[in-house]
J.: 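I have a structure I would like to understand better, so I am pasting it below and will then ask my questions one at a time.
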Number of protein chains: 2
Amino acid sequence: MSQHSGVPPLTIQRLPLYLRCLIQLQSQRVDVVNSQRIAELAGTNAAQVRKDLSYLGEFGVRGLGYEVDSLVVHLARWLGLQHTRNIAIIGYGRLGAALQGYGGLQDRGFLVTAVFDNDAEKVGMPISGGIVVESMDRFAEGVKENNIELAIITVPASVAQGIAETVVAGGVKAILNFAPQRLELPSDVTVRQADLAAELQILSYHLREDFGL
Amino acid sequence: MSQHSGVPPLTIQRLPLYLRCLIQLQSQRVDVVNSQRIAELAGTNAAQVRKDLSYLGEFGVRGLGYEVDSLVVHLARWLGLQHTRNIAIIGYGRLGAALQGYGGLQDRGFLVTAVFDNDAEKVGMPISGGIVVESMDRFAEGVKENNIELAIITVPASVAQGIAETVVAGGVKAILNFAPQRLELPSDVTVRQADLAAELQILSYHLREDFGL
DNA sequence: GCATGTGAATGCATTCACAGCA
DNA sequence: TGCTGTGAATGCATTCACATGC
């Protein structure tokens, strides 16, 4: 298959994982790798890796494997990571603050360039990175000034839907939502849900002494 | 179908979502609900809801719908949430601290009862909830003293595998891992990966100007 | 010879559509 | 009548197995 869309959703979810493994290999000065080895690092199987990569094009060499550097470039391109993307964090509570200071983002192509919160006590507060907390009233301007493409929502569930609508009105089309609340938004907006308690509940399921009722 | 295992993985992932919606309905004094309405709240379709719930037993009444209170009880049972489960947080950095203080856990059946970190500056530090940060050397004792069943790992990727092995050696069989690193652990241990940057990369994919190469 | 790329086969998950029951 | 519970149908995803090409 070749470089046009129609990549299955579950393949897309695995691409960041492959990218991470390949970057790790790069740092170990490995320059060619086969699907078997990628699979081991990523925790899948070789056939899955080959099928996934084949959706993006033909990057391998038969009899050899994949050239690491070039595969990294292709994956990053495919994921839209040619340039750093700017993020706004909305809700400067503990979680928002933790994410703003998290170095793991810069390393992987993202930069927090604005932080919003409606709490009057916080608006105007200068925080690390030369950022000042702004009110949501200024969201649309903030998006333009800072070239923001993604928003991370860390506000209480009760206000999440309203905030999300403001975010979309500001022109942002990709949202990572930490509020335990489904967001109802236009279909051209992509939302990913990060629900911590739900994750723990899934783990809890596996801890059951296996005969519920 | 009836109350014994063989519930598909993707159904299990949706159960916490249904539970959340049903609790919301409870707070609105709704006492009967049909699959259609649950589907709207959860963002799926009615057939999916009915099929999912049917894996757990026959809880509905034909012609009417589901009794909200009883369905909440059944779902909570099925997810192993009859009693509060105790959690350890490992890594008291910004993210660990944010999670320790996050009220959304108590509300949904979880309680952080211990916090571990190997940084000598942090060990011994008293933090909220009457908790004192402990060294990982004391992990196994801490697990016993506090009846810990789940661990949340928020340490750097480079040390995550080692830490996870200590966690498992301490008898914990469910891990939520925030480190961007695959954990290789015995198959009786359940791991869920919470990789923030990977989520953002998936969003980034959807922002691409759709002809990568 | 060796590892990719890929049709074909299998296995899950979702959706349909209706029998069964309050 | 109205809505559940569920086989049957469809649609995805994964895995197999081998032809293809270095």
J.: Considering heavy-atom distances to DNA chain D, does Arg62(B) or Val61(A) have its closest nucleotide positioned more toward the 5' end?
T.: Arg62(B)
J.: Reading nucleotides 7-12 of chain D 5' to 3', which nucleotides get B (base under 4.0 Å from a protein heavy atom), which S (sugar-phosphate only), which -?
T.: BB----
J.: With distance as the sole test, does Gln201(B) use its side chain to make a donor-acceptor pair with the main-chain N or O of Leu15(A) at under 3.5 Å?
T.: no
J.: Quick one: the side chain of Arg50(B) and the base of dT4(D), do they pair up donor-acceptor inside 3.5 Å?
T.: no
J.: Check Glu40(A) with Arg37(A), please: is the shortest side-chain N to carboxylate O separation under 4.0 Å?
T.: yes
J.: Could you verify whether a donor N or O on one side chain and an acceptor N or O on the other, from Glu149(A) and Asn86(A), lie under 3.5 Å apart?
T.: no
J.: Would you kindly compare Gln36(B) and Ala47(A) by the position of their nearest DNA chain D nucleotide and give the one closer to the 5′ end?
T.: Gln36(B)
J.: Looking at Phe59(B), Tyr55(B), Tyr66(B), which one forms a ring-ring contact (aromatic ring centres under 6.0 Å, His included) with His74(B)?
T.: Phe59(B)
J.: For Glu58(A) and dA19(D), what is the distance between atoms CD and C1' respectively, to the nearest whole Å?
T.: 14 Å
J.: What integer distance in Å separates Leu10(A):CG from dT14(C):P?
T.: 10 Å
J.: Looking for any heavy atom pair under 4.0 Å, which part of the strands does Arg37(B) touch: base, sugar-phosphate only, or nothing?
T.: nothing
J.: Is Tyr66(A) close enough to dG5(C) that one of its side-chain N or O atoms is under 4.0 Å from OP1 or OP2 there?
T.: yes
J.: Taking CG from Asp52(B) and C1' from dT14(C), how many angstroms apart are they, rounded to a whole number?
T.: 10 Å
J.: Using atom types as modelled and distance alone, determine if a side-chain donor or acceptor of Thr154(B) lies under 3.5 Å from a backbone N or O of Ile90(B).
T.: yes
J.: Rounded to whole angstroms, how far apart are OH on Tyr18(B) and C1' on dT4(D)?
T.: 15 Å
J.: Is the backbone of Gly80(B) close enough, under 3.5 Å, to the side chain of Arg85(B) for a donor and an acceptor to pair up by distance?
T.: yes
J.: Quick one: label Ser35(A) by what it contacts on the DNA or RNA (base, sugar-phosphate, nothing), any heavy atom closer than 4.0 Å.
T.: sugar-phosphate
